[in-house]
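Computed from heavy atoms alone, side chains included, the values below leave out hydrogens, waters and symmetry copies. Chain letters run A, B, ... following the sequence lines, proteins first and then strands; every chain starts at 1. The structure presented is a predicted model; accordingly, all values stated were derived computationally and were not measured.
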Number of protein chains: 2
Amino acid sequence: MEGNATLFDVARVAGVSLATASRAINGSARTVGAELREKVLRAAQELDYSPNAAARTMKRGHADVVGMIVPDIADPYFSGIASGVMKAADEQGLMVSIASTRRQSSREAEYVAGFRRQRNRAVILAGSRTSSRAETETLKAEVDRFEAQGGRVAVVSQRKLPVDTVVVENRQGARALATDLTDLGYRDFAVLAGPRDLLSAKDRLDGFRTGLAEAGVELSREQVVNGEFSRDGGFQAMEQVLEELGGIDCVFAVNDVMALGAIAAIRSRGLDVPRHLSVAGFGDISTLRDMAPRLTTVRVDLERLGRLALEMILSSEGGAPRTRREKCQVVLGASTPGRKPVGRRSSARG
Amino acid sequence: MEGNATLFDVARVAGVSLATASRAINGSARTVGAELREKVLRAAQELDYSPNAAARTMKRGHADVVGMIVPDIADPYFSGIASGVMKAADEQGLMVSIASTRRQSSREAEYVAGFRRQRNRAVILAGSRTSSRAETETLKAEVDRFEAQGGRVAVVSQRKLPVDTVVVENRQGARALATDLTDLGYRDFAVLAGPRDLLSAKDRLDGFRTGLAEAGVELSREQVVNGEFSRDGGFQAMEQVLEELGGIDCVFAVNDVMALGAIAAIRSRGLDVPRHLSVAGFGDISTLRDMAPRLTTVRVDLERLGRLALEMILSSEGGAPRTRREKCQVVLGASTPGRKPVGRRSSARG
DNA sequence: GACGCGACGGAAAACATTTTCCCAAGATTC
DNA sequence: GAATCTTGGGAAAATGTTTTCCGTCGCGTC
């Protein structure tokens with residue numbers, strides 16, 4: 001009971017060779033006679049044998065582990081994706097290592113390097129690519145190294161790196177949202193646009209702007225306020241809007257937690273959503289679905305994104321990187337009731 | 001560029017021995033002459049050398065990875081704890097592997113075994129212990145094996161296993177909540193009590209009952225409804241309460257997402273919180289802090305729990321298992337306004 | 001009855017590190 | 001000036017698998 005029985009010990013106890021023991025335990029192409037197999041299995045049981053994954057990894061050249069990098073695991077958006085990855089990984093008998101960059105995207109490259117050291121079979125990068133050229137380059141260099149060494153990489157969000165990608169159709173979703181909101185009668189918007197260099201944020205803003213333009217609505221410079229991609233970022237951006245902007249009837253926050261912060265900011269001034277101001281978000285994170293008023297948002301199937309990314313990686317034959325586009329769907333809630341043509345809101349709808 | 005340069009290659013290019021290369025790169029007790037070290041480092045850089053963690057693990061006997069097991073990573077409660085673990089792990093240069101049991105606690109033992117195969121340095125079990133004797137036994141057996149092999153184990157929740165534990169003072173918190181609620185004038189409660197065999201759920205119920213008893217309030221059998229530990233579980237349990245129970249003025253859901261489900265159920269009947277019914281939860285998950293009305297709940301510092309668990313593990317000298325108790329604090333919100341002695345609620349407070 | 005063949009067991013060679021032991025050369029001490 | 005110490009380099013063992021290659025045995029075939 002000194003702790004670690006090795007396959008060698010198992011073989012000795014079972015009275016067979018190392019090769020036979022190995023074949024009996026993890027079932028190779030070669031068959032092992034029934035009684036010997038039985039003996040080996042019994043010995044393993046008796047010795048509390050636990051195969052040393054590190055040794056196996058060394059021999060095979062890769063670990064049956066996939067790494068995942070997220071900006072913040074406590075953000076429901078990413079924990080949703082992670083949940084999908086983990087479910088799919090479990091079905092494939094893979095373990096998942098997760099690293100959180102705490103929203104410093106510069107750290108992604110470090111973690112990719114870390115996963116390379118572990119000889120992980122694959123890495124999934126979730127969360128927005130940035131528009132910073134330098135960062136993208138260092139990340140790309142690290143990703144190349146990872147792939148050169150035999151690993152696979154997939155990204156969930158934008159197609160910015162030449163790897164398998166699950167693209168969230170942020171533009172399409174935000175554009176559809178804009179269409180629906182203008183159909184409801186809104187004309188005067190503010191957008192809480194997240195960090196300037198975050199592509200998801202940027203795409204959502206762009207798509208929204210496109211949708212508005214199709215309805216003949218322009219978005220001026222002051223109507224777009226940047227801020228952190230978090231609840232607090234939404235809160236602050238909203239405060240700025242409330243102080244500097246008048247005549248707004250609807251606020252679009254480029255993600256749900258920012259919308260949450262925005263609503264908090266609005267309420268902290270004694271105003272009401274949607275009576276004084278309507279709010280829409282993006283993502284449809286589950287914890288917010290029961291909020292009153294129901295937040296108008298754009299639904300993204302987060303678990304699905306994660307699952308698709310993992311499946312893509314595993315089915316990949318090393319050919320050209322593939323792209324899978326995932327549509328999103330507008331969910332209208334009471335946070336953006338229809339406006340009467342006159343300019344006063346109807347208070348029904350839910 | 002065939003992918004993987006080994007330390008041997010680095011040594012060859014630098015014109016030194018394997019031993020020297022190793023010492024230069026990971027800095028052992030032995031010093032290496034400045035110019036040789038320089039040469040080695042340059043060679044490593046040039047070759048894109050990436051140390052093989054598996055080989056290192058094999059030699060050392062343990063991987064610099066900590067495993068973490070949670071019931072559901074998409075639940076903000078656990079992603080909060082995970083976030084704390086990951087932050088602390090990062091500071092220590094450790095990687096984190098996460099496994100989600102999808103609330104089948106019987107799978108915990110399997111994952112511990114999996115982490116044992118990986119030779120992980122430590123495992124953190126988050127989430128409630130169950131009261132099932134059989135499950136606890138198999139888990140304990142697996143934990144013993146893990147420890148026999150040199151790994152450390154910590155648990156976040158109850159002290160049910162003889163390992164380092166961060167105990168959440170569920171009883172104390174729920175009791176304080178009961179005290180506060182009775183002080184506010186509530187007398188007729190329903191408790192949405194979660195699964196029967198989940199200790200966290202059970203402890204919160206017990207503590208709540210104790211607090212009520214101190215105020216002279218009894219909880220009858222019908223006033224306690226079991227259900228899943230999730231939003232949907234809360235919803236269903238609440239529906240049951242609404243159908244079968246009358247005269248209730250306050251509902252205590254043993255966790256926040258259940259409270260969320262309960263509120264949804266209440267509203268789906270056209271009733272209002274807190275006008276028709278007050279609701280309290282447990283956990284104070286961050287996404288719900290901006291909900292209107294503010295949910296009365298018991299705050300648990302989730303990140304802290306995770307951090308403490310990791311620190312406990314690392315500082316552990318293999319002595320007797322230690323226990324660290326973490327208090328929780330009642331947060332009163334507008335979801336449980338003070339009742340007027342007469343029986344009508346004052347509508348202020350928030 | 002020699003020959004080929006299928007099935008199955010074993011020896012041994014990797015896989016990439018870390019670390020112990022040995023050794024050489026220069027510095028220090030009496 | 002010899003003995004001892006210190007400093008730093010190298011050879012090689014050890015870590016636990018997987019897998020290739022080889023060998024053997026029994027059996028069917030011509």
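If you measure from atom CD of B/E35 to atom C1' of D/dG9, you get 12 Å, rounded to the nearest angstrom. The distance between atom CG of B/L18 and atom C1' of C/dA16, rounded to the nearest whole Å, is 8 Å. Between B/R37 atom CZ and D/dT7 atom C1' the separation is 14 Å, expressed in whole Å. Residue B/M58 contributes atom CE, which lies 14 Å from atom C1' of C/dT19 at whole-angstrom precision. Atom-to-atom, CG of B/D64 to C1' of C/dT18 comes out at 13 Å; the value is rounded to the nearest Å. Atom CD1 in B/I25 sits roughly 13 Å away from atom C1' in C/dT18 (whole-Å rounding). The separation between B/D48 atom CG and C/dA16 atom P is 16 Å, rounded to whole Å. Between the C1' atom of C/dA25 and the CG atom of B/L36 lies a distance of 15 Å, rounded to the nearest Å.
Terminal axes of the helix from C/dG1-D/dC30 to C/dC30-D/dG1 (five pairs each, C1' rotation axis) are separated by 40°, to the nearest 10°.
The shortest distance between the side-chain N/O atoms of B/R56 and the OP1/OP2 oxygens of C/dT18 is below 4.0 Å. Contact check, B/S22 against C/dT18: a side-chain N or O comes under 4.0 Å of OP1 or OP2. One finds a side-chain N or O of A/S17 lying less than 4.0 angstrom from the OP1 or OP2 phosphate oxygen of C/dG10. Not one side-chain nitrogen or oxygen of B/N52 sits closer than 4.0 Å to the OP1 or OP2 atom of C/dC15.
Within 6.0 Å of atom CZ in B/R325, 12 or fewer heavy atoms from other residues, nucleotides or ligands are found, so the atom counts as exposed in its surroundings.
Contact check on B/D9 versus B/R12 returns a salt bridge, with a Lys/Arg side-chain nitrogen under 4.0 Å from an Asp/Glu carboxylate oxygen. A salt bridge links A/E326 and A/R324; the closest N-O separation between the charged side-chain nitrogens and carboxylate oxygens is under 4.0 Å. Under the 4.0 Å criterion applied to side-chain N and carboxylate O atoms, B/E311 and B/R304 are not assigned as salt-bridge partners.
The side chain of A/T20 approaches C/dG9 more closely than any other nucleotide in the set C/dT18, D/dG16, C/dG9. Residue A/V32 has its side chain nearest to C/dG9 when only C/dG9, C/dT19, D/dT18 are considered.
A side-chain donor-acceptor contact under 3.5 Å links B/S200 and B/Q158. There is no side-chain donor-acceptor pair under 3.5 Å between A/S106 and A/E135. For the residue pair B/S50/A/R117, the side-chain donor-acceptor check at 3.5 Å is not satisfied. Side chains of A/S97 and B/S97: a donor-acceptor N/O pair is present below 3.5 angstrom, by distance only.
For the pair B/T31 and B/R119, nearest-nucleotide mapping onto DNA chain D gives the more 5' position to B/T31. Where B/G33 and A/A55 meet DNA chain D, the nucleotide closest to each residue was compared, and B/G33 sits on the side nearer the 5' end.
Residues A/E108 and A/P71 have side chains not in contact (no heavy-atom distance under 4.5 Å, counting atoms from C-beta outward).
Between the side chain of A/R159 and the backbone N or O of A/L161, at least one donor-acceptor pair lies under 3.5 Å.
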**Message:** For nucleotides 20-26 of chain D, give me one character per nucleotide, 5' to 3': B if any protein heavy atom sits under 4.0 Å from the base, S if the only such contacts are to the sugar-phosphate, - if neither.
**Reply:** BB-----

